[in-house]
Amino acid sequence: MSVILDNYFNLKVYGGKDKPKAPGPRRHDAPTKQRWEADIRIWYQSYVDYEHGKIYWDRLRAHLASIVDEGTTVDVHGITPHDSYAHPIVEMRCAREVICNAVRAEREGYDAFVIGHFQDAGLYEARSVVKIPVVALGEASMLYSCQLGQRVGIVTINTRYIPWFHHQIRKYGLRDRVTGVHAMQFEPGQILKAYESQKLADEVRVLFDTQAKPLVAGGCEVLIPGGGIPMLLFAALHEHVVDGAPVINGIPIAVKMAEMAVKLRKLTGLGVSRSGEYTLAPPEIIHEFMTHPKGL
């Protein structure tokens, strides 16, 4: 028996002999896409600006273009001043701009907003001011990793990020799954130099593996580089594993989740819950936030 979908929800079952032929395009008309196959526009929010991360941006754009579905376009946007120092106050400053940019993305007709920064600063607030899907690199990477192994470890670029990551893990309800966080020792601006030097890139991998091995020895089955910069740096390493534990690249995971979220929203009409954490702010409150950047 074969099943075809008729008008989304009305299922008709046909035997092999009775199955109707799919109608082809009319002679003078170009084929049209189904509603759920419409083009998708994604705003990808980097916390690095082009001036300070040109090579990174160029590689990121090429990487994004290689992973998206046909018909999906991804526009990379940065933050100035960029995130150049590992500290919560920097995350807070960047988060405010991210929230404003999520609003701008929705107003400009984007279908989804991706926070391409593992710390996910501004994620929950962004979801509470827009109706389009908001997907974040850290949350998406952690959730997907839980499908690949029971225990997950993160290797971040700086020890000052460790408390922040533990806050994320608790917020996402993953303390029993994401069980270890280790760190290399770079500032965000410093690790960008690895895109200009293969020698430094090799050194970053050695430092990552050195921090990852104890996590695997302690029971972690999946490893996450704690940042978009090291993720993209390692993207060229096919089947990257450390002592049997896969090292995942969260960039395609986040973007694919965004594409899926857009398609599911079109099919079902559903988005995030508005009964609690993501209660939608009134328009006047969003306007007030957008127009009163005191202290910035």
Side-chain angles (χ1 to χ4, degrees), residues 42-48 60 64 74 76-79 82-106 110 112-130 132-146 152-175 177-181 183 188 191 222-232 248-261 271-273 276-279 281 289:
I42 297 174
W43 177 305
Y44 188 98
Q45 182 65 64
S46 175
Y47 282 43
V48 178
L60 177 62
L64 292 170
V74 183
V76 180
H77 297 260
I79 289 177
H82 69 295
D83 185 352
S84 62
Y85 186 80
H87 196 281
I89 197 67
V90 179
E91 298 298 323
M92 184 177 180
R93 171 180 61 79
C94 292
R96 191 190 192 289
E97 188 165 345
V98 165
I99 297 163
C100 292
N101 284 346
V103 175
R104 294 187 184 104
E106 183 173 60
Y110 284 89
F113 187 87
V114 173
I115 298 177
H117 182 67
F118 197 87
Q119 287 75 2
D120 296 348
L123 168 61
Y124 278 29
E125 295 79 8
R127 284 180 177 156
S128 71
V129 296
V130 296
I132 60 174
V134 179
V135 178
L137 187 61
E139 183 187 53
S141 298
M142 292 186 215
L143 292 176
Y144 184 77
S145 293
C146 288
V152 179
I154 300 172
V155 178
T156 180
I157 65 171
N158 192 292
T159 53
R160 290 193 298 276
Y161 281 141
I162 292 177
W164 184 284
F165 282 11
H166 283 298
H167 287 312
Q168 284 179 271
I169 293 164
R170 285 194 295 272
K171 178 177 271 191
Y172 303 156
L174 295 175
R175 280 183 290 181
R177 302 296 300 278
V178 184
T179 57
V181 181
I191 197 170
V222 184
L223 297 166
I224 307 175
I229 296 171
M231 282 178 177
L232 185 62
I248 70 161
N249 175 7
I251 295 172
I253 293 169
V255 172
K256 288 299 179 184
M257 282 190 176
E259 288 181 318
M260 180 175 66
V272 299
S273 171
E277 191 82 46
Y278 307 132
T279 299
F289 181 83

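None of the values given here were measured: they were computed from a predicted structure. Note that these values count all heavy atoms, side chains included, but never hydrogens, waters or copies made by symmetry.
- Q45 CD to R104 CZ: the interatomic distance, rounded to the nearest 0.5 Å, is 9.5 Å.
- Dense packing is recorded around CZ of F165, with more than 12 heavy atoms of other residues, nucleotides or ligands lying under 6.0 Å away.
- L123 has its side chain out of reach of V98: every pair of non-hydrogen atoms, C-beta onward, lies at least 4.5 Å apart.
- Shortest non-hydrogen contact noted between P230 and I157 is CG-CG2, 3.9 Å.
- A distance of 10.5 Å separates CG of L137 from OG of S46, quoted to the nearest 0.5 Å.
- A donor-acceptor pair under 3.5 Å is absent between the side-chain atoms of E91 and the main chain of A121, judged by distance alone.
- Across all their heavy atoms, I99 and G122 have their closest contact at CG1-O, 3.9 Å.
- Residues G228 and I251 come closest through the heavy atom pair O-CD1, 3.8 Å.
- Below 30°, between 30° and 60°, or above 60°: for W43 and H77 the angle between ring planes is below 30°, a parallel geometry.
- Every side-chain contact (heavy atoms from CB on, under 4.5 Å) that A102 has, sequence neighbours left out, goes to F113, A126, V130.
- Using modelled atom types, one side-chain atom of W164 and one backbone atom of Q119 make a donor-acceptor pair closer than 3.5 Å.
- For R170, the side-chain contact (heavy atoms from CB on, under 4.5 Å) criterion is met by H166, H167, R175, not counting sequence neighbours.
- At least one side-chain heavy atom of E259 sits under 4.5 Å from a side-chain heavy atom of I42.
- For residues 112-129, the set of pairs meeting the salt bridge (Lys or Arg N to Asp or Glu O under 4.0 Å) definition, not counting sequence neighbours, comprises R127-E139.
- When all heavy atoms of C100 and F289 are compared, the pair lying nearest together is SG-CE2, 3.7 Å.
- Considering all non-hydrogen atoms of both residues, V135 and A140 come closest at CG1-CB, 4.1 Å.
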**Report entry** side-chain contact (heavy atoms from CB on, under 4.5 Å) between R93 and I79, intermediate numbers included
**Finding:** CA-CA 10 Å; R93 171 180 61 79; I79 289 177; 4.2 Å; yes
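- Contact annotation: the side chain of M231 approaches that of N249 to within less than 4.5 Å [non-hydrogen atoms, C-beta and beyond].
- Judged by a 6.0 Å distance limit and a 45° cone about the ring axis, R177 is not positioned over the six-membered ring of Y172.
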Query raised in the report: Can you check side-chain contact (heavy atoms from CB on, under 4.5 Å) on F118 and I154, steps first, answer last?
Result: CA-CA 11 Å; F118 197 87; I154 300 172; 4.0 Å; yes
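- Side-chain contact between V90 and Y47: absent, with no pair of heavy atoms (C-beta onward) separated by less than 4.5 Å.
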Requested in this report: Apply the test side-chain contact (heavy atoms from CB on, under 4.5 Å) to residues L60 and V48: give CA-CA distance (whole Å), side-chain angles for both, the deciding distance (0.1 Å), then the verdict.
Outcome: CA-CA 11 Å; L60 177 62; V48 178; over 6 Å; no
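- When all heavy atoms of S141 and I224 are compared, the pair lying nearest together is O-CD1, 3.9 Å.
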